[in-house]
Amino acid sequence: MPELPEVETIVRQLRPQLVGQTFRNPRLFHTDVLRGVRPARFVAALHNARVGSVTRRAKHIVIRIQDRDRVVIQPRMTGALLVYERRLSAEQRRYAVLQVTLPGRRYLVYRDVRRLGTISLLDAEAWTTYTDRIGPEPLSPKFTASCLETRMRRTRQAIKKALMDQRLLAGVGNIYANEALFRAQIDPSRPADGLSRPECRRLHRAVRSVLRAAVDAGGTTIRDYRTSTGDPGSFQHVLQVYGRGGEPCVRCGTRLTTTHSIDARSTTFCFRCQGPG
DNA sequence: ACGAGGTCCTGCGAGC
DNA sequence: TGCTCGCAGGACCTCG
């Protein structure tokens with residue numbers, strides 16, 4: 001679930017709470033979330049590890065420890081990274097995957113109801129390989145309209161699917177792909193390599209503006225997403241298309257259409273405002 | 001190279 | 001009430 005704005009929100013909140021702190025007594029309740037590292041090695045690596053930095057890359061939370069390794073958390077649909085000020089209640093413990101004790105009797109907890117999320121432990125070399133396979137950060141100043149155009153031209157896939165392809169562009173998932181395409185007034189099913197230059201410029205502006213607005217709102221909470229304090233985001237209140245199938249378009253009043261024809265993911269759009277180009 | 005579909009998991013709401 | 005079914009914000013894989 002968490003897309004770029006949600007992960008960015010979590011990271012901004014966690015950073016001042018974690019940087020410089022030392023992890024103690026890691027407890028791993030479910031080992032099936034680990035990728036490429038065995039439970040015993042992972043737990044040993046976290047114990048007494050000092051946090052150097054907390055950053056975001058695409059939809060990943062990246063915690064650098066011991067000036068060497070990176071704990072890379074990908075929350076996917078239902079993962080959440082929370083700091084608790086006291087011992088966990090039974091309800092809080094229910095979906096806990098990983099718990100780490102922080103100074104001051106606080107606890108860092110990764111919880112994930114569906115456990116589709118993943119955790120890996122990467123050294124510098126493995127991290128470089130990993131991050132090099134992911135596309136550019138859309139909010140980076142280096143990400144220009146021509147950068148987006150070059151990337152989208154690489155595929156004939158539907159533009160909505162291309163936007164969500166992490167190799168082409170980092171951090172955009174279903175919600176923000178829908179919203180950006182509406183803002184840019186582009187039909188989600190159009191082949192990505194068929195967009196004109198002005199359309200690419202509109203899409204570039206739309207992607208960046210919707211992501212920035214969502215970061216400012218603390219992300220979008222449909223069901224599971226919570227910030228590190230356990231609070232919901234607020235961008236769900238200003239979504240223009242996602243989750244609004246059958247409701248009137250905010251621009252023209254036409255009933256919004258929802259389809260599952262693109263990559264079997266729900267796509268909501270206005271067939272009038274986002275007509276075939 | 002592409003699309004379709006299955007897989008990892010659990011919860012929830014709709015419908016019967 | 002209680003059951004089954006389909007769906008859910010992601011990403012990876014195989015198959016044809």
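Proteins come first, then strands; the chains are lettered A, B, ... in the order of their sequence lines, and each starts at number 1. All values below come from the heavy atoms of this structure, side chains included, with hydrogens, waters and symmetry mates left out. Being a predicted model, the structure only gives us computed values, none of them experimental.
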Does [X] pair with [Y] as a salt bridge, N-O distance under 4.0 Å?
X: A:E149; Y: A:R197; value: yes
X: A:D165; Y: A:R167; value: yes
X: A:E8; Y: A:R56; value: yes

Separation of [X] atom [atom1] from [N] atom [atom2], in whole Å?
X: A:R133; N: C:dG10; atom1: CZ; atom2: C1'; result: 18 Å
X: A:F235; N: C:dG9; atom1: CZ; atom2: P; result: 16 Å
X: A:D224; N: B:dG13; atom1: CG; atom2: P; result: 11 Å
X: A:L4; N: C:dG9; atom1: CG; atom2: P; result: 17 Å
X: A:R111; N: B:dC9; atom1: CZ; atom2: P; result: 18 Å
X: A:R115; N: C:dA8; atom1: CZ; atom2: C1'; result: 17 Å
X: A:I73; N: C:dG10; atom1: CD1; atom2: P; result: 18 Å
X: A:R154; N: B:dA1; atom1: CZ; atom2: P; result: 13 Å

Taking the [atom1] atom in each of [N] and [M], what is the distance between them to the nearest angstrom?
N: B:dG6; M: C:dC5; atom1: P; value: 15 Å
N: B:dA4; M: C:dC7; atom1: P; value: 16 Å
N: B:dG5; M: C:dG6; atom1: C1'; value: 16 Å
N: B:dG13; M: C:dG9; atom1: P; value: 16 Å

If you compare all heavy atoms of [X] against all heavy atoms of [Y], which two are closest, and at what distance to 0.1 Å?
X: A:P26; Y: A:V43; value: CG-O, 3.3 Å
X: A:G218; Y: A:Y225; value: O-OH, 2.9 Å
X: A:R153; Y: A:S196; value: NH2-C, 4.2 Å

**Report entry** Given DNA chain C, 5'-ward residue of the pair A:Q166 and A:R114, judged by closest heavy atom
**Finding:**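 It is A:R114 whose nearest nucleotide is closer to the 5' end.
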From the options [options], select the nucleotide whose nearest atom is closest to the side chain of [X].
X: A:Y95; options: B:dC12, C:dG10, B:dT10; value: B:dT10
X: A:T155; options: B:dC2, C:dG9, C:dA11; value: B:dC2
X: A:R156; options: B:dC9, B:dC2, C:dG10; value: B:dC2
X: A:L116; options: B:dG11, B:dC8, B:dG3; value: B:dC8
X: A:Y242; options: B:dT10, C:dA8, C:dA11; value: C:dA8
X: A:Q157; options: B:dG3, B:dG11, C:dG9; value: B:dG3

Query raised in the report: For the atom pair CZ (A:R70) and OG (A:S53), what is the distance rounded to the nearest 0.5 Å?
Result: 7.0 Å
Query raised in the report: If you look only at pairs with a residue in residues 91-112 of chain A, which of them pass as a salt bridge (charged side-chain N to carboxylate O under 4.0 Å, His left out), with sequence neighbours excluded?
Result: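 Of all non-adjacent pairs touching residues 91-112 of chain A, none passes salt bridge (charged side-chain N to carboxylate O under 4.0 Å, His left out).
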Report task. Give A:R94 one of three labels, base, sugar-phosphate or nothing, depending on what nucleic acid heavy atoms sit under 4.0 Å from its own. Result ->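 Answer is sugar-phosphate: A:R94 comes under 4.0 Å of backbone atoms only.
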Query raised in the report: Counting only N and O atoms by type, is there a donor-acceptor contact under 3.5 Å from the side chain of A:R57 to the main-chain atoms of A:I134?
Result: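 Checked: pair present.
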Report summary line: Listing for DNA chain C: consecutive Watson-Crick or G-U pair runs of at least 3, distance cutoff 3.5 Å, ranges ordered by first number, gives B:2-8 with C:10-16, B:10-16 with C:2-8
Query - Heavy-atom side-chain contact between A:V215 and A:R12 under 4.5 Å - result: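 They are in contact (side-chain heavy atoms under 4.5 Å apart), so the answer is yes.
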**Report entry** Contact check, side chains of A:F29 and A:L98, non-hydrogen atoms, under 4.5 Å
**Finding:** no
Query raised in the report: Given C:dA11, is OP1 or OP2 found less than 4.0 Å from the side-chain N or O atoms of A:K59?
Result: yes
Report task. Residues of residues 258-271 of chain A with any non-hydrogen atom less than 4.0 angstrom from an atom of DNA chain C: list those, numerically ordered, please. Result ->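 Correct list: A:H260, A:R265, A:S266.
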